[in-house]
Amino acid sequence: RENISVEENVGGADHAGGEGRVGIVGAGAAIGADGVRGEVVVGVVVGGEFNNVGNNIALWDGAQWVQNYFGDGMNGPVNALTLYNGNIVAGGYFSSPANNIASWSNGAWSGLAQGINDFGIKENGIKSMLQINADQLVVGGLFKEAVNENDVTVPGTQHIAIWNGIEWSSLSTGVNTGEEGINDIVMCNDNLYVAGDFSEIGGQMISGIAQWDALEGSWISTSRGPTAVQALACVSINSETCDLIAAGDGFLDQQVCLTAVNEIEKQNLKISPSPNNGEFTIELSEAAKQGLSIQIMSLTGHVLFERKVEI
């Protein structure tokens, strides 16, 4: 479900190993340590549902699969892999070695506090994870809640939660409908986006894709519409703009990235506020006014407003 190219300077003399430098190519996770001290291990880590070369997680070293590289592995499917501060984090639907999420370090698995409680459905669990800065790991999927030490459940962490290295906390009030969830998490133009099958997140009626406004501590709509979104990708064009690509069941479309400051600037055009409730201001530079026509369309393609700009 996830594959990760990694390299590591191994710091231990046996399979337990030690600390090392980790580099990543592509979607990422780190690996443990193996082999002779100082050896550089290069390989691909894969997660899924299998038991032939490891229990649901395995390492390809470039020549062969390393049998049981990750010890006993997981007792259920691994749906997501990522790096968090240089260590592999695996997420999915499993109860061992931890509660649906575990970190691999120094040749052993450990839990993130008391992990993530699920709904008891194998197809659910953690679906996507992403480290967004030095300390924060965002985790999304179809799950009940995050759990800190001493069995303290964290309110507002249904389907999405954030880990700071010590404890779990919420992003607003999470996804507010039990049967829906998060399928993908990306950073695009320094903004956090989540995609999934949801109609309400953080108490806001938002469907498909939502952007996190860190300044306000709330979610912003991208006007994606009601279609469930399975995956997102960010393609940078230049320092000012980027394209956010969304894919789902039967569609592939492209959206202009939003920002968290309630303004969209595109060449000589400025629209504010954004998002808005249907009332907004369009500002044009003198260069943009030359022979310009304004057309506003709905998501279904209907022309709502059209006017030629007169100088």
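Atom CD of residue Gln211 and atom OG1 of residue Thr222 lie 8.5 Å apart, to the nearest 0.5 angstrom. One finds the CG atom of Asn133 at 10.0 Å from the CG atom of Asn164 (value rounded to the nearest 0.5 Å). The distance from the CH2 atom of Trp109 to the CG atom of Asn87 is 10.0 Å, given to the nearest 0.5 Å. With rounding to the nearest 0.5 angstrom, the CG atom of Leu137 is 11.0 Å from the CG atom of Asp135. The CD atom of Glu49 sits 9.0 Å away from the CG atom of Asn79 when rounded to the nearest 0.5 Å. Taking CH2 of Trp212 as the reference point, atom OG of Ser218 lies at 6.5 Å (rounded to 0.5 Å).
A distance-only check finds a donor-acceptor pair linking the side chain of Gln131 to the backbone of Ala134 [under 3.5 Å]. Judged by distance alone, with hydrogens and angles left aside, the side-chain atoms of Ser96 form no donor-acceptor pair with the main-chain N or O of Ala98 at under 3.5 Å. Although no hydrogens or angles enter the test, the distance criterion places a donor-acceptor pair under 3.5 Å between the side chain of Trp168 and the main chain of Leu112. Side chain of Gln230 to main chain of Asn183: no donor-acceptor pair is present (N/O by atom type, distance under 3.5 Å, no hydrogens or angles). Side chain of Glu180 to main chain of Ser199: a donor-acceptor pair is present (N/O by atom type, distance under 3.5 Å, no hydrogens or angles). Tyr84 places no side-chain N or O within donor-acceptor distance of the main-chain N or O of Leu130, the cut-off being under 3.5 Å. A donor-acceptor contact shorter than 3.5 Å links the side chain of Gln158 to the backbone of Val175. At distances below 3.5 Å, at least one donor-acceptor pair connects side-chain atoms of Asp184 with backbone N or O atoms of Leu232. No donor-acceptor pair closer than 3.5 Å links the side chain of Asn100 to the backbone N or O of Gly125. A distance-only check finds no donor-acceptor pair linking the side chain of Asp213 to the backbone of Trp219 [under 3.5 Å].
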- Message: Set out, in order, the CA-CA distance, both residues' side-chain angles and the distance that settles side chain to side chain contact (heavy atoms under 4.5 Å, CB included) for Leu142 and Lys127, then state yes or no.
- Response: CA-CA 7 Å; Leu142 286 85; Lys127 302 293 185 182; 3.9 Å; yes
- Item | Candidate pair Met129 and Ile101, rule side chain to side chain contact (heavy atoms under 4.5 Å, CB included), full reasoning | CA-CA 10 Å; Met129 302 183 294; Ile101 187 167; 3.8 Å; yes
- Audit row: Trp65, Asn52, side chain to side chain contact (heavy atoms under 4.5 Å, CB included) steps and yes/no: CA-CA 10 Å; Trp65 292 104; Asn52 52 342; over 6 Å; no
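For the residue pair Ala113 and Glu149, the shortest heavy atom distance occurs at CA-OE2, 3.3 Å. In this structure, Gly156 and Ser170 approach most closely via the heavy-atom pair O-CB, 3.3 Å. When all heavy atoms are compared, the tightest approach of Val154 to Ser169 is CG1-CA, 3.9 Å. A pairwise comparison of heavy atoms in Gly217 and Ser172 identifies O-CB, 4.0 Å as the closest pair. The two atoms that bring Thr153 and Pro155 nearest to each other are O-CD, 3.5 Å, heavy atoms only. Here the closest non-hydrogen pair linking Ile206 and Ser221 is CD1-N, 3.6 Å.
Looking at Tyr69 and Asp61, their side chains never come closer than 4.5 Å, going by heavy atoms from C-beta outward. Taking 4.5 Å as the limit, some side-chain heavy atom of Tyr193 sits within range of a side-chain heavy atom of Ile209. Using a 4.5 Å cut-off on side-chain heavy atoms (C-beta onward), Tyr93 and Asp118 make contact. Asn150 has its side chain out of reach of Asn148: every pair of non-hydrogen atoms, C-beta onward, lies at least 4.5 Å apart. Looking at heavy atoms from C-beta onward, Ile116 lies out of side-chain contact with Thr157 at the 4.5 angstrom threshold. Val194 has its side chain out of reach of Leu171: every pair of non-hydrogen atoms, C-beta onward, lies at least 4.5 Å apart.
Asn99 and Gln114 share no side-chain donor-acceptor pair at under 3.5 Å. Side-chain contact check for Asn55 and Asn75: no donor-acceptor pair (N or O, by modelled atom type) lies under 3.5 Å.
Note on Met74 and Val147: separate hydrophobic clusters, where clusters join Ile, Leu, Val, Met, Phe, Trp and Tyr whose side-chain heavy atoms are under 4.5 Å apart, directly or indirectly.
In this structure Asp72 satisfies the side chain to side chain donor-acceptor pair (under 3.5 Å) test with no other residue, sequence neighbours excluded.
Classified by interplanar angle (parallel below 30°, tilted 30° to 60°, perpendicular above 60°), the ring pair Phe119/His159 is tilted.
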